[in-house]
Novice: 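This is the structure I have questions about; it appears just below.
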Number of protein chains: 4
Amino acid sequence: MMTVSSLFKDTEKFKNIIEIFAVKGYHPATMDEIARATGVAKGTLYYHYKNKEDLYYSVIEYGVHILERSVRQALQNQTDPALKLKELIREVLNFFDLYSNIAFIFLRELYGNNIRRDVLSGLVQRIIQIIGEILAEGKEQGIFTVKDVDTCATAVFGAVSATAIRSINKHGRVRSVQVQSHIENLVFNGLLAE
Amino acid sequence: MMTVSSLFKDTEKFKNIIEIFAVKGYHPATMDEIARATGVAKGTLYYHYKNKEDLYYSVIEYGVHILERSVRQALQNQTDPALKLKELIREVLNFFDLYSNIAFIFLRELYGNNIRRDVLSGLVQRIIQIIGEILAEGKEQGIFTVKDVDTCATAVFGAVSATAIRSINKHGRVRSVQVQSHIENLVFNGLLAE
Amino acid sequence: MMTVSSLFKDTEKFKNIIEIFAVKGYHPATMDEIARATGVAKGTLYYHYKNKEDLYYSVIEYGVHILERSVRQALQNQTDPALKLKELIREVLNFFDLYSNIAFIFLRELYGNNIRRDVLSGLVQRIIQIIGEILAEGKEQGIFTVKDVDTCATAVFGAVSATAIRSINKHGRVRSVQVQSHIENLVFNGLLAE
Amino acid sequence: MMTVSSLFKDTEKFKNIIEIFAVKGYHPATMDEIARATGVAKGTLYYHYKNKEDLYYSVIEYGVHILERSVRQALQNQTDPALKLKELIREVLNFFDLYSNIAFIFLRELYGNNIRRDVLSGLVQRIIQIIGEILAEGKEQGIFTVKDVDTCATAVFGAVSATAIRSINKHGRVRSVQVQSHIENLVFNGLLAE
DNA sequence: CATGAATGAGTGTTCATTCAT
DNA sequence: CATGAATGAACACTCATTCAT
């Protein structure tokens, strides 16, 4: 269950805010600009959020919520860990394609020190945890050979994210299908030929 | 060959500047603070660098230079692509351990939009290119099965970086040995058991 | 006769508002805060008072009204100017003890330039006028030796107020009995021995 | 010894700042306005003072310093407590005439709650302490009949200040000579006729 | 009568940059 | 070469006030 401030009921407003934070980054994005983009007065922003940081946090939280929900949904119908992982990779790439702006924000927070490092990167970690759960399950069933589940989950997320961003930078969007096939190849079979 | 502004002759000063940018991020880091940390007057900073952006760029460039040099050096003695890749991973993890502050800066710039996105992320891409060269070589020799060299290189770099950061976050430094073995396992053999 | 807005029927609310204005001062006190302290919505405040200034004015007016009334009441039974003055000093000190918060507001307005200087300090002047009346009476009867009645009345009020505030600052409240005896001594006999 | 920020070397600037704070009060006075009045950029204000509060504090401290110095100077040549007190009253009234703006600030801080109540009113208390010293001396020599020295000193200062302010309000400036004679009369002989 | 969401003008404060010395 | 005082544009944030319900 997730309560979203009334200001975000309007998805359009939400997307506009995301875009500003994503394109310019946290600090260069100004509250004036955000107010203009959302069509409300600056004071209204402060009526709903304690401060800029709080607004930023809410945006990220909402983004994580969306991604997490769609991933969990996609996993529901799968029982095989390998298929689960494929689904997850597909969903993440899909999300990054749909909300490419948020992808940048996520990664910047994961590696960044913008604000409230702990909390924000913690949010993003939730996605990595889901990967970890799948890996653990697969390891138990003897399908995956994984030494350290957490490290491996992180590596998989790092690989997916980096390639997604690369695709966006190169083609303007995430070419999910191609990227997915390349990633799966690497992740499942590794580099070594037979 | 790399000319470093006379201000950086003193490695100590350089490290101090890196730390400030790494810990606080580009925007929150102030010129006052940097001047204080380096023990020179603020005006002196502007005597050596056109502006804050230029100073930041120089720091990153110098960092990339160090990493690139040590990687190239490590690869010199290797001919086998697989061993080359192992060496590279080891060197990158080593570098991230030695200069963990710079690691954060690199990744933030790779994914970030701080300033001069193109130039800065371009700098970091140079490391990815080296990975690409190795993969291409290994593919040619039939050792690696790689569909898209660039995507795969990016994925490998993403995997290595993400786990390195994770190790820093968790243990305060990069536990190179453990991380390396896990990464190699994933990258070379993939997840699937036999 | 004094009509108090219906909002002040509840003395508790009134005291809460006084306290906020007294402790924080006019500008730092916010309407939000006042609304919260009185348990009504902010809009309700504006329903009863034209604006913040008007609310503040009403508070002071009400305070002056209380003090003036109790002073006049105490003077009713006295005919001797000297006794009258003693009674007045006692009442003022009493009032400052009972409503120490309002004491601060009074003095600040007397010497201050907050808002509507003329009107507000004029309100407080009413108390000084009463002192003046007593002095004039005593002068006429040959009991008091006063050159300039107004100046002297002001001096007496200044002496009483300053010592009252000092007592509050030092002991947390006005120690009426002690302060009164000291003040009377000074005011009636002066400093000079014999 | 008193070090005054370089910005106050220029007495004109100092007087301008005082006037703004005195006429408008702490909160309504804006840094923009002060910058304009002193002919420096707003940033320059912040280069010399940590913030508005610090600037305000410095102004008051400087004022207290001036008053204290001129009072101490005037007392040097006097040995008789009664004459000392007369000199002090004259100096204070003189100061209030010369720097009538500062008089308002002093009293507002003495009774007010603007900012840093403790520190600022403490500053003003220094003047009251000097009065106390004189009273104590006179008491010891059997010249003054004073029960509580501190209370009495406060009362005297209150009487002087209130009448000074009254004179300013009424005549636009402190008519030192007249006010002094009235005050002395009250303070030394009291109200009672023979 | 009462509410509280929305407003936007106003203000304190920061900080990269300049330049006279 | 180096300095640090001075600058002013830019920004986050506040809060008295309004008004539709």
Side-chain angles (χ1 to χ4, degrees), chain A residues 5-7 24 26-36 38-56 115, chain B residues 5-7 24 26-36 38-56 115, chain C residues 5-7 24 26-36 38-56 115, chain D residues 5-7 24 26-36 38-56 115:
Chain A
S5 168
S6 60
L7 202 56
K24 311 195 73 168
Y26 177 73
H27 286 287
T30 73
M31 294 301 270
D32 271 291
E33 191 178 10
I34 292 170
R36 217 178 310 123
T38 48
V40 301
K42 199 170 20 167
T44 309
L45 252 31
Y46 283 90
Y47 186 78
H48 289 285
Y49 304 93
K50 202 158 58 64
N51 48 33
K52 188 182 177 182
E53 193 179 314
D54 185 37
L55 172 59
Y56 185 61
I115 50 166
Chain B
S5 167
S6 61
L7 201 57
K24 313 194 72 168
Y26 177 73
H27 285 287
T30 71
M31 293 301 270
D32 269 290
E33 194 176 7
I34 291 170
R36 218 177 310 123
T38 49
V40 301
K42 204 169 19 164
T44 310
L45 252 31
Y46 282 88
Y47 184 82
H48 288 286
Y49 304 93
K50 200 156 60 68
N51 50 32
K52 187 183 180 183
E53 196 178 311
D54 185 36
L55 172 58
Y56 185 60
I115 51 166
Chain C
S5 167
S6 60
L7 201 56
K24 314 194 69 169
Y26 177 73
H27 286 287
T30 71
M31 294 299 270
D32 270 288
E33 194 175 8
I34 292 170
R36 219 177 308 124
T38 50
V40 301
K42 202 168 21 163
T44 310
L45 252 30
Y46 283 88
Y47 185 82
H48 289 285
Y49 304 93
K50 199 158 60 66
N51 49 33
K52 188 185 180 182
E53 195 179 313
D54 186 37
L55 171 59
Y56 185 61
I115 51 166
Chain D
S5 168
S6 59
L7 203 56
K24 312 195 73 167
Y26 178 74
H27 286 288
T30 71
M31 292 301 269
D32 270 292
E33 193 176 7
I34 292 171
R36 216 178 310 121
T38 48
V40 301
K42 201 165 26 160
T44 309
L45 254 30
Y46 282 90
Y47 185 77
H48 289 283
Y49 303 94
K50 201 157 61 63
N51 49 32
K52 187 183 180 183
E53 193 179 314
D54 184 38
L55 171 59
Y56 185 60
I115 51 167

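Throughout, protein chains are lettered first and strands after them, A, B, ... in sequence-line order, and every chain is numbered starting at 1.
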Novice: Can you tell me which residue pairs pass the salt bridge (charged side-chain N to carboxylate O under 4.0 Å, His left out) test with a partner in residues 26-35 of chain D, sequence neighbours excluded?
Specialist: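 The answer is Lys24(D)-Glu33(D), Asp32(D)-Lys42(D).
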
Novice: Check DNA chain E for consecutive Watson-Crick or G-U pairs with both distances under 3.5 Å and list the runs of at least three as stems.
Specialist: E:2-21 with F:2-21

Novice: Check every atom of dA6(E), dG12(E), dT17(F) against the side chain of Met31(C) and return the nucleotide holding the closest atom.
Specialist: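 That would be dT17(F).
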
Novice: What is the distance, rounded to the nearest whole Å, between atom NE2 of His27(D) and atom C1' of dC15(F)?
Specialist: 13 Å

Novice: Can you figure out which of dA6(F), dT3(E), dC1(F) approaches the side chain of Val40(C) most closely?
Specialist: dT3(E)

Novice: Of the listed nucleotides (dT3(E), dT17(F), dG12(E)), which one gets closest to any side-chain atom of Lys52(C)?
Specialist: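 In terms of side-chain proximity for Lys52(C), the closest of dT3(E), dT17(F), dG12(E) is dT17(F).
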
Novice: Shorter than 3.5 Å, N or O on both sides, protein versus nucleotides 18-20 of chain E: list them out with atom names.
Specialist:
none

Novice: Take Thr30(A) and Ala29(C), find for each the nucleotide of DNA chain F with the closest heavy atom, and name the residue whose nucleotide sits nearer the 5' end.
Specialist: Thr30(A)

Novice: Asp54(A) CG to dC13(F) C1': how many Å, rounded?
Specialist: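 In whole Å, dC13(F) C1' lies 13 Å from Asp54(A) CG.
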
Novice: Let me know the distance between CD of Glu33(C) and C1' of dA16(F), rounded to the nearest Å.
Specialist: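 That distance rounds to 14 Å.
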
Novice: Give, for atom OH of Tyr26(C) and atom NE2 of His27(D), the distance between the pair rounded to the nearest 0.5 Å.
Specialist: 12.0 Å

Novice: Atom CG of Asp32(D) and atom C1' of dA9(F): how far apart are they, to the nearest Å?
Specialist: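 About 12 Å, once rounded to whole Å.
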
Novice: Please report the interatomic distance OH(Tyr46(D)) to NZ(Lys52(D)), rounded to the nearest 0.5 Å.
Specialist: 8.0 Å

Novice: DNA chain E: Gly39(C) or Leu45(A), which has the more 5' nearest nucleotide?
Specialist: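 This one resolves to Gly39(C).
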
